[in-house]
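Working notes for the structure below.
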There are 2 protein chains.
Amino acid sequence: MFSKACEYGIRAAVYVALQSLEGRRVSVNEIAEEIDSPVAFTAKILQQLTRSKVIHSVKGPTGGFEIERTDMDTVKLSMIVHAIDGDNIYVGCGLGLKECNAKKPCPLHDKFVAIRTDLKKMLESTSLYELATGLEVGLTYLKR
Amino acid sequence: MFSKACEYGIRAAVYVALQSLEGRRVSVNEIAEEIDSPVAFTAKILQQLTRSKVIHSVKGPTGGFEIERTDMDTVKLSMIVHAIDGDNIYVGCGLGLKECNAKKPCPLHDKFVAIRTDLKKMLESTSLYELATGLEVGLTYLKR
DNA sequence: TATAATTCGGACAAAATTATCCTTTATTTT
DNA sequence: AAAATAAAGGATAATTTTGTCCGAATTATA
Ligand code: FES
Ligand code: FES
């Protein structure tokens, strides 16, 4: 569904949000540790998320990654997915034709679009805050 | 969503079904031509589909691939996806945790499972025949 | 029986994705 | 000012996926 990079990106962003709720700024090392991901690769992904304004970074000692409380509400999953995986999930055809195109649809088009629309709605309506709060109360996990 | 191999596999299977409806057996070359896919790679995928009984192959002159009319109804999209991509789509966690597990869910679990269940239902209820008939009447396309 | 057409299967190659390493830059603390 | 800390960025490596090539096996036809 999502690329590995995107999976790490979402987990990382949720972890940053969770810690920011506690007022803590977190390092790449801590993030990678807590979401069980390769450190250097995670660093690259955090750079992407920083460039696309999903999270905020601070260099130097006491530096790290953080996200403001208000941004946790405005940042939706769709932004993270778009920042890392691009818009394939939105414009791609389920059977791999150049683009999904209702004028010259593939045999799966109608059924595929129905599912994709739901997915899109879900991604666009799910905020980072929402995901972080489940973690906070210990209902959900970022690693196992 | 699906791997390239799986996309080719579905397109190929649908084309074989369409031609079998006309009583024609088709070669790898024709299939690859008609679904606009790399020939040799498509041949590998057709082998997988043959081994998993999705389609039937005949060697030698006048040989090729075909599928019986009754099998077009029993063969569902889910079988093709499973034959090529395995069960990742069913057991995988949306955020990349080892396995999707409701006992220790990731933050996206509930929302992800909802979408995945719909996808699963769609794949399990869509037959090859259904996909082939849209093509037959010129409503849908396997290449563009 | 020889030939040609076709799938099958293994080895190999290219491209994309995932992952690591190391140097540079910014910033805080001493 | 120097040292230490942390992200940024570039080069490179490993792995997976995608794709190619070619000989072997099978079978219809001449
Ligand atoms: S054309 Fe294939 S999904 Fe729309
Ligand atoms: S645990 Fe992540 S989707 Fe179920």
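Computed from a predicted structure; not experimentally measured. Proteins get letters first, then strands, A, B, ... in listed order; numbering begins at 1 in each.
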Separation of D/dT27 atom P from B/F65 atom CZ, nearest Å, is 14 Å
(Q) Under a plain distance cut-off of 3.5 Å, with no hydrogens placed, do B/S127 and B/D73 share a side-chain donor-acceptor pair? (A) no
From CD1 of A/I84 across to P of C/dA19 the rounded distance in Å is 13 Å
Q. Between A/R51 and D/dG9, is there a side-chain N or O to OP1/OP2 distance below 4.0 Å?
A. yes
For B/V137, the hydrophobic cluster (side chain heavy atoms closer than 4.5 Å, chained through members) also holds B/L139
Readout for nucleotides 21-30 of chain C: B = base within 4.0 Å of protein heavy atom, S = sugar-phosphate only, - = neither; 5' to 3' it is B---BBBB--
Separation of D/dG9 atom C1' from A/L49 atom CG, nearest Å, is 16 Å
To the nearest angstrom, the CG-C1' distance between A/N29 and C/dA19 comes to 15 Å
Rounded to whole Å, the CD-P distance (A/Q47 to D/dA6) equals 16 Å
Worksheet item: Does any donor atom in the side chain of A/K111 or B/T126 lie under 3.5 Å from an acceptor atom in the other side chain?
Response: yes
B/V113-B/L97 co-clustered via ILVMFWY side chain contacts under 4.5 Å
no
From NZ of A/K4 across to C1' of C/dT20 the rounded distance in Å is 17 Å
| query | Would you say B/S57 reaches C/dT6's phosphate, i.e. side-chain N/O to OP1/OP2 under 4.0 Å? | reply | no
A/E33 atom CD is separated from D/dA6 atom C1', nearest whole Å, by 17 Å
Notebook entry, point to check: Heavy atoms, side chains only, cut-off 4.5 Å: are B/R144 and B/D36 in contact?
Noted result: no
Please check the phosphate of D/dA6 (OP1 and OP2 only) for any side-chain N or O of A/R25 closer than 4.0 Å. no
Result for 5'-nearest mapping on DNA chain C, choosing between B/L46 and A/P38, is B/L46
Taken to the nearest whole Å, CD/A/Q48 to C1'/C/dT17 is 12 Å
ask   = Could B/E7 and B/K4 be called an ion pair, given the rule that one side-chain N must be under 4.0 Å from one carboxylate O?
value = yes
Taking OP1 and OP2 of C/dA19, is either one under 4.0 Å from a side-chain nitrogen or oxygen of A/Y8? yes
- Query: Heavy-atom distance under 4.5 Å between the side chains of A/Y129 and A/L21, does that happen here?
  - Reply: yes
